[in-house]
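Quick notes on the structure that follows.
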Amino acid sequence: MQKILIALCLLLGAAAAHAQGQATIALARTGYTLYVDTTTMAMWAESAQKHMPRHALGNPVFSHVTDTGMHGIREGRVLQYGGDSLIARVTSTAGLTAKIRLRLGDDFFSMTLTPEGDAAVPEQLYRIDFQAAPLSPAYGLGDHGGFGSSTDVTGFRDDDFGNRNNEHRFISTFTIFPAHNFAQVLFSERTNRVAITQTENRLGVAAAKAATIYYFFGMPKQIYQAYKQVKAAEGYPDLKPKYRFFQLGYEAFGSLGWNTYQSSVEQDIAAYLERGYPLKWAVVGSGFWKGERRKPTEGATTSFGIWDDAATAGRKDGLPNPRYPDPQAFKDFFRARDISLLLGLRINFKAPEEYGGFYTPENDGKYMQEGLAKNYFIGSGKPETYRVNFPQGKVFLLDGKKPEAVDWYAAGADRWGVDGFKEDLMLFDGKKLDNDAKLNKVNEALMERGYLVMARNSAYSVAGDILRLEDTKHGFDQDRPLINGLNYAASGVSAVYLDIVAGKYLEKPLTDDQKLYFVRNAMTVAVSPVMAMGYGPWHLESSTYENAVKKAAHWHAAHAAYIYSEAVKGYHTGFPYAMTPLPLAFPHDSATYRLAGTQRRQYAWMLGESLLATPLYGNDYATAKTRSVYLPAGRWMDYETKQWFQGPTTLENYAFPLDKIPVFVGGKGVVIEQADQRYHARVYPTSDEPFTYRFYFPDGERAAVIHKSFAGWKPGKYRIENRAAGQEQVIGLDDLQSSFSFPIEPAMEYHLTRLD
């Protein structure tokens, strides 16, 4: 057993000895033992995992928010302890006292620091930091991990960490160090303090009455399973996604921008269907509400059920008047084509004139007045006003901490009569609000009602089916979407949505650069968990380019069930199976640690347990034709060329034609295919280890299980048994360059054995 020395911000300089005279207290769990030195309050752990060195400084610090500096610990005393917990009282160098409580779980322990404060100042707030030994590489941090030059967040520091603008909507302090079998998280919905550098590993809170940090031990799958449990206990449960979002989608914003109208959306959808794109969901994010576009008096998404369905005099926006003349026919248009319709939805309500807003009863309805009368908006006594990207003027925000307010809001959303919503609060006053979880309970309520929910704003867990990152478009940083998406996954998100194919605001005639961007982006999004179209590929005016985009869309649609099943596995286990960064899939392969960044641009992830996505993408999308590809240990087959490789190896300057699906088959080598309303498991001889592979059908409940009982592959005969049904099939594997398939049914187990 090796010692993991953890100097955790609460190390004492001269703590009193334990009453029983023990120098060290051992707190034991099955997987590790945590030791606490009662004279210094230093902590270390023994486990079978790797060594983590003591932090050079080691002292945790806390202070009043109003203090100019932070203060370490002067003395402390253990008050009580049991087999899996300990309580101590500490005194800082400034004379402040606090209690420390340690609690041990199977694969983690938590530490809570609660300053005891002045009884005369009951609302006193504190800055509290917890510090562990600096480690590298590190991954995660939600949206904050998405804007650097690499998925490795080492070097990140922000003491105003939170939702401050539209670039940082998914907020998480979760950080994993896979090379060290270690992870950490601090839950706070208000401003956090984060530093992950070569000399510092710190998580803290800027202003709170107490703070709790969690430290996790183990391989990534152990860590994410424990993190899933901890999230749920802290009020951030993972929610099961629905299949529809993993089929091919469409967002009107990518094609029509803000100014949608009924006929333009219907024409767009019809054009896609006529060209053979199998769309199954569509988002109309804006323009469906009442009133002249771009005027302050126009409606908003919280004018629940009030469509722009009647002409009004004097409009000068250049759009049809009305824009949505027949909402029921519009909804029927989608239902007749088996396409789920989603609308944009926000929690902001236009404030009345006396608050600086542009509330207009005929366009906004009665809902702001109802919410104001029932005190459903954020504010103490009098509602606070906020600035948002839309609508114009000051707005009120729904108070998601009030269950009755959330119920009222969800009932309002019902009035739109659609299949789901794209949550899209764009808040300029994030610092003023200082609540990163403002949408969690609201989106959870919509999910409970059975809606499809595309989440944008969230804290720690995704209160929706999928998580969409901030908008992309031609001319933006094209490395950011993959760095951002991969750190979403490292933060514990399985259903990552890398934004609309080709982003937003393309217009004819497209330049050659824009066309290359369009195609490379389509191939990248196709091998990610969620794919949606926007600007019509026919505008490329090139059969070569359009055929490549269509090929990408069809590949994604054909593998939607396989990808969805991996997302459901993520829901059950916490591990991001649907998009697994290579450092998590191969945590002790150091060659994977720094591939994904602007220097190498070897962006890659496991798309489930059997596919390795290796898109050629980044800011060199228009000039690069080859990319070096790292293949970890195992056998890998290029999905397109059928060429086989033995890893670990790097394929130097590997060719990626524009129409190449950038995927290698490997891992467990089981890929589910759909044909004629039936599902087939295609098995490739990639894994030398016995394994169990579970496939969840599109209902998200029923599963089929495949057991491979033997080690290694060789040419010969194999038996596939469905013992419950009394069925078996013998297949021949002529060589190790081929594959075989067999049909699978729900609630059945298939045993694969070698006959010779």
Side-chain angles (χ1 to χ4, degrees), residues 137-148 150-153 168-178 183 185 216 219-225 227-228 231 236 238-239 241 245-246 454-456 458-462 464-470 479-499 524-531 562-587 592-597 602-615 617 632 663 667:
Y139 308 93
L141 296 183
D143 265 323
H144 285 82
F147 288 82
S150 169
T151 54
D152 178 7
V153 298
H168 300 101
R169 302 202 218 184
F170 175 57
I171 307 302
S172 177
T173 62
F174 181 81
T175 323
I176 186 167
F177 307 85
V185 69
F216 301 86
M219 297 290 283
K221 288 181 181 179
Q222 285 177 272
I223 287 174
Y224 283 98
Q225 183 72 65
Y227 181 43
K228 174 183 173 63
K231 280 190 294 185
Y236 306 99
D238 290 327
L239 304 180
F245 260 135
F246 296 83
M454 181 190 298
R456 305 293 300 275
S458 200
Y460 301 102
S461 65
V462 177
D465 294 280
I466 60 176
L467 179 66
R468 183 189 188 277
L469 56 77
E470 178 53 28
D479 287 289
R480 194 270 295 181
L482 293 184
I483 293 172
N484 205 161
L486 286 167
N487 270 332
Y488 274 1
S491 301
V493 179
S494 199
V496 176
Y497 176 22
L498 298 177
D499 195 15
T524 299
V525 175
V527 296
S528 74
V530 180
M531 184 177 193
Y562 165 83
I563 298 171
Y564 173 66
S565 174
E566 301 300 323
V568 175
K569 290 178 191 174
Y571 161 74
H572 285 297
T573 66
F575 189 72
Y577 278 106
M579 189 177 191
T580 313
L582 294 192
L584 303 186
F586 306 92
T592 67
Y593 294 163
R594 295 179 177 88
L595 297 174
Q602 293 185 45
Y603 299 113
W605 55 89
M606 290 300 296
L607 183 66
E609 295 188 275
S610 303
L611 296 176
L612 172 64
T614 62
Y617 203 63
V663 158

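Side-chain atoms are counted along with the backbone in the values below, which use heavy atoms only and exclude waters and symmetry mates.
- At least one donor-acceptor pair closer than 3.5 Å links the side chain of Trp605 to the backbone N or O of Val527.
- Side-chain contact of Tyr617 with Asp479: a donor-acceptor pair under 3.5 Å is absent, judged by distance alone.
- Residues Val530 and Val496 are not in side-chain contact: their nearest non-hydrogen atoms beyond the backbone lie 4.5 Å or more apart.
- Qualifying side chain to side chain contact (heavy atoms under 4.5 Å, CB included) partners for Ala459, counting only residues two or more places apart in sequence or in other chains: Tyr236, Asp436, Ala437, Asn440.
- Note: Tyr577 OH to Lys221 NZ = 3.5 Å, rounded to the nearest 0.5 Å.
- Tyr564 meets the ring-ring contact (aromatic ring centres under 6.0 Å, His included) test with Tyr243, Phe246; sequence neighbours excluded.
- Applying the side-chain hydrogen bond (donor to acceptor under 3.5 Å, both in side chains) criterion to Lys231, with sequence neighbours excluded, gives Asp238.
- Using a 30° and 60° split on the angle between ring planes, His168 and His144 fall in the parallel class, below 30°.
- The side chain to side chain contact (heavy atoms under 4.5 Å, CB included) check on Ala596 picks up Thr151, Leu486, Tyr603, with sequence neighbours excluded.
- Ring pair Phe575/Tyr224 is perpendicular by interplanar angle, where above 60° counts as perpendicular and below 30° as parallel.
- The minimum heavy-atom distance linking Gly140 with Ala490 is given by the pair N-CB, 3.7 Å.
- To the nearest 0.5 Å, atom CZ of residue Phe586 and atom OG1 of residue Thr580 are 9.0 Å apart.
- Here the closest heavy-atom approach between residue Ala567 and residue Pro241 is recorded as CB-CG, 4.2 Å.
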Are Leu239 and Asp465 close enough, and set up right, to give a side-chain contact (heavy atoms from CB on, under 4.5 Å), and what steps lead you there?
CA-CA 7 Å; Leu239 304 180; Asp465 294 280; over 6 Å; no
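- Residues Leu469 and Arg480 have side chains in contact (heavy-atom distance under 4.5 Å, counting atoms from C-beta outward).
- Between His572 and Lys228, the closest heavy-atom pair is O-CE, 3.5 Å.
- Residues that satisfy the side chain to side chain contact (heavy atoms under 4.5 Å, CB included) test with Pro137, not counting sequence neighbours, are Tyr139, Asp152, Ala179, Tyr593, Arg594.
- Under the rule for a side chain to side chain contact (heavy atoms under 4.5 Å, CB included), the partners of Gln602 that lie at least two apart in sequence or sit in another chain are Leu595, Arg600, Ser628, Tyr630.
- Considering CG of Leu467 and CZ of Arg169, their distance stands at 10.0 Å, rounded to 0.5 Å.
- Side-chain N or O atoms of Ser150 include none that pairs as donor or acceptor with a backbone N or O of Gly597 at under 3.5 Å.
- Considering OG of Ser494 and CD of Glu566, their distance stands at 8.0 Å, rounded to 0.5 Å.
- Inter-residue side-chain proximity for Leu612 and Leu582 is flagged as met; some heavy-atom pair is nearer than 4.5 Å.
- Rounding to the nearest 0.5 Å gives a distance of 6.5 Å between CD1 of Ile223 and CZ of Phe174.
- Residues Arg468 and Tyr488 approach most closely at O-OH, 3.9 Å, considering heavy atoms.
- Looking at heavy atoms from C-beta onward, Phe170 lies in side-chain contact with Val493 at the 4.5 angstrom threshold.
- Tyr227 and Ser172 make their closest contact through OH-OG, 3.9 Å (heavy atoms, listed as atom of the first residue, atom of the second, distance).
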Show your reasoning for whether side-chain contact (heavy atoms from CB on, under 4.5 Å) applies to Thr173 and Tyr460.
CA-CA 8 Å; Thr173 62; Tyr460 301 102; 3.8 Å; yes
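- Atom CG of Leu498 is separated from atom CD1 of Ile466 by 10.5 Å, given to the nearest 0.5 angstrom.
- Residues Pro220 and Pro178 approach most closely at CG-CB, 4.4 Å, considering heavy atoms.
- Side-chain atoms of Phe216 and Ile176, non-hydrogen and from C-beta on, never get closer than 4.5 Å to each other.
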